[in-house]
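Here is the structure we will look at, set down as structure tokens.
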Amino acid sequence: MPRKFTDQMQREVVIPFPPQRIVSLVPSQTELLFDLELEDRLVGLTKFCIHPAELKKRKTIVGGTKNLHFDQIAALQPDLIIGNKEENQQEQIERLMQNYPVWMSDISDLEDALEMIAAVGSITATESAA
């Protein structure tokens with residue numbers, strides 16, 4: 001059942017709840033998904049997502065944070081893509097938004113980081129772990 005979530009750029013994003021096929025475009029948020037025990041739902045990540053090291057060997061690499069491979073992302077059929085305002089290029093994110101729910105973080109301080117963790121917990125139905 002789809003639900004509306006507001007990302008840190010104040011955009012409403014409709015996401016199938018809970019998402020089952022997640023692509024992370026941000027190394028720190030990939031680590032968060034792993035820490036929330038969502039490895040089975042994480043289908044794609046960037047070449048810079050190097051922690052935990054074994055995760056990169058088991059998942060599809062969809063390019064770098066600023067050089068995405070759209071064909072690989074499409075093949076994964078994500079129902080959620082997580083990006084970041086500073087890490088990812090606006091034009092590439094806008095292109096992804098045409099086809100997928102894209103939730104964006106915008107972190108400038110500890111409060112923003114804690115808000116992002118809580119939001120990802122809500123989006124993925126892992127609130128207590130987050």
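Heads up: numbering here begins at 1 and tracks the sequence. Just so it is clear, the model here is predicted, and its values are computed rather than measured.
- Every side-chain hydrogen bond (donor to acceptor under 3.5 Å, both in side chains) that S108 has, sequence neighbours left out, goes to D112.
- For V14 against P101, the heavy-atom pair with the smallest separation is O-CB, 3.3 Å.
- Around the CD atom of E111, the shell of radius 6.0 Å holds no more than 12 heavy atoms that belong to other residues, nucleotides or ligands.
- Residue E127 qualifies as enclosed at atom CD: its count of foreign heavy atoms under 6.0 Å is above 12.
- In terms of modelled atom types and a separation under 3.5 Å, the side chain of D79 and the main chain of Q20 share a donor-acceptor contact.
- Around atom CD of Q89, more than 12 heavy atoms belonging to other residues, nucleotides or ligands sit under 6.0 Å away.
- The salt bridge (Lys or Arg N to Asp or Glu O under 4.0 Å) pairs that include a residue from residues 44-69 are E39-R58, where partners are two or more places apart or lie in different chains.
- Hydrophobic cluster membership is shared by M116 and I15, with clusters built from Ile, Leu, Val, Met, Phe, Trp and Tyr side chains linked at under 4.5 angstrom.
- When all heavy atoms are compared, the tightest approach of S122 to F17 is O-CE1, 3.2 Å.
- For the pair V102/V13, no side-chain contact is recorded, criterion being any heavy-atom separation below 4.5 Å from C-beta on.
- If you check the side chains of S105 and N84, you find a donor sitting under 3.5 Å from an acceptor.
- Between L55 atom CG and S24 atom OG the span is 9.5 Å, to the nearest 0.5 Å.
- Under a hydrophobic clustering in which Ile, Leu, Val, Met, Phe, Trp and Tyr are joined whenever their side-chain heavy atoms come within less than 4.5 Å, directly or via other members, F70 and Y100 fall into the same cluster.
- You'll find the side chain of P78 reaches within 4.5 Å of the side chain of I73, heavy atoms only.
- Cluster membership check: L76 does not share its hydrophobic cluster with I61, using side-chain heavy-atom separations under 4.5 Å among Ile, Leu, Val, Met, Phe, Trp and Tyr.
- Rounding to the nearest 0.5 angstrom, the gap separating the CD1 atom in I22 from the CG atom in L45 is 11.5 Å.
- Distance check: I93 CD1 to L25 CG gives 5.5 Å after rounding to the nearest 0.5 Å.
- Heavy-atom minimum distance, P27 versus E87: CD-OE1, 4.3 Å.
- With V23 as the fixed residue, the side chain to side chain contact (heavy atoms under 4.5 Å, CB included) test singles out one of I82, V62, L68: V62.
- Here the CD atom belonging to Q8 is positioned 4.5 Å from the CH2 atom belonging to W103, to the nearest 0.5 angstrom.
- Taking CD from E12 and NZ from K4, the interatomic distance works out to 4.5 Å, rounded to the nearest 0.5 Å.
- Linking Ile, Leu, Val, Met, Phe, Trp and Tyr residues whenever their side-chain heavy atoms come within less than 4.5 Å places I107 and I123 in a single cluster.
- In this structure a side-chain-to-backbone donor-acceptor pair under 3.5 Å is missing from R21 to V43.
- Considering only heavy atoms from C-beta on, M97 comes within 4.5 Å of R11 through its side chain.
- Note that CG of L80 and OG1 of T124 are 8.5 Å apart. Values are rounded to the nearest 0.5 Å.
- The environment of CZ in R95 is sparse: at most 12 heavy-atom neighbours from other residues, nucleotides or ligands sit within 6.0 Å.
- With contacts defined as side-chain heavy-atom distances shorter than 4.5 Å, the pair P2/P16 does not qualify.
- The two residues P18 and A125 have their closest heavy-atom pair at CB-CB, 4.2 Å.
- With hydrophobic clusters built from ILVMFWY side chains whose heavy atoms lie under 4.5 angstrom apart, L33 shares a cluster with I117.
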